[in-house]
Amino acid sequence: QVQLVESGGGLVQPGGSLRLSCAASRSGFTIHTMGWYRQAPGKERELVARSTLGGTPNYADSVKGRFTMSRDYASNTVYLQMGSLEPGDTGVYYCNADISNSYSRYLGLWGQGTLVTVSS
């Protein structure tokens, strides 16, 4: 079985930065398209950033200019660099992706989530 694994969450003060990562739990899998989502306490899960075929991610209005998605091709890891964090950014962050290797393809996998808490 293969999973997506997020990491990098934690407690940070307002104005601080965090970098989240997302990768397959087994080597050899390629992440094709993916998105970052978050769910604040008592709220529905919302889109934060999503990759596109053109390579330029789309971002939610609430995070534009503050969050940046990037990729490390060598490790096949996708990152979400979060800066100028605000209390409203608090929530559990999830990655969602289509992945494949030479033998299998998985569509719409979700990671387990990583908690980001922005607080003084």
Hey, can you pull the donor-acceptor pairs under 3.5 Å for the side chains in residues 9-27, sequence neighbours left out?
unit_1	atom_1	unit_2	atom_2	d
Ser21	OG	Ser7	OG	2.6
Ser25	OG	Gln3	N	2.8
Ser25	OG	Gln3	O	3.3

Can you give the donor-acceptor pairs under 3.5 Å from side chains of residues 45-53 to other protein atoms, not counting sequence neighbours?
unit_1	atom_1	unit_2	atom_2	d
Glu46	OE2	Arg38	NE	2.8
Glu46	OE2	Arg38	NH2	3.4
Arg50	NH1	Tyr37	OH	3.2
Ser51	OG	Met34	N	2.9
Ser51	OG	Met34	O	3.1
Thr52	OG1	Gly55	N	3.4
Thr52	OG1	Thr56	N	3.3
Thr52	OG1	Thr56	O	2.7

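When the side chains of ILVMFWY residues are joined at heavy-atom separations under 4.5 Å, either directly or via intervening members, Leu115 and Tyr94 end up in a single hydrophobic cluster. Under the 4.5 Å side-chain heavy-atom criterion for Ile, Leu, Val, Met, Phe, Trp and Tyr, Val92 and Leu109 are members of distinct hydrophobic clusters.
Taking both residues in full, the closest heavy atoms of Thr77 and Ser75 are given as OG1-OG, 3.0 Å, listed atom of the first, atom of the second, then distance. Residues Arg71 and Ile31 share a closest heavy-atom pair of NH1-O, 3.1 Å.
When the salt bridge (charged side-chain N to carboxylate O under 4.0 Å, His left out) test is applied to Lys43, no partner is found at least two apart in sequence or on another chain. For Ser102, there are no side chain to side chain contact (heavy atoms under 4.5 Å, CB included) partners, not counting sequence neighbours.
Under the ring pair (Phe, Tyr, Trp, His ring centres under 6.0 Å) criterion, no residue pair touches residues 64-87, with sequence neighbours excluded. Identified under the disulfide bond (SG atoms under 2.5 Å apart) test for residues 49-81, with sequence neighbours left out: none.
Taken from OG1 in Thr33 to CG in Asp98, the straight-line distance is 4.0 Å, to the nearest 0.5 Å. Here Thr117 contributes atom OG1 and Asp89 contributes atom CG; the two are 11.0 Å apart, rounded to the nearest 0.5 Å. Separating the CD atom in Glu6 from the OH atom in Tyr93 is a distance of 12.5 Å, to the nearest 0.5 Å. Note: Thr30 OG1 to Ile99 CD1 = 9.0 Å, rounded to the nearest 0.5 Å.
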### Worked verdict on Trp36 versus Val78 for side-chain contact (heavy atoms from CB on, under 4.5 Å)
CA-CA 10 Å; Trp36 285 98; Val78 176; 3.9 Å; yes

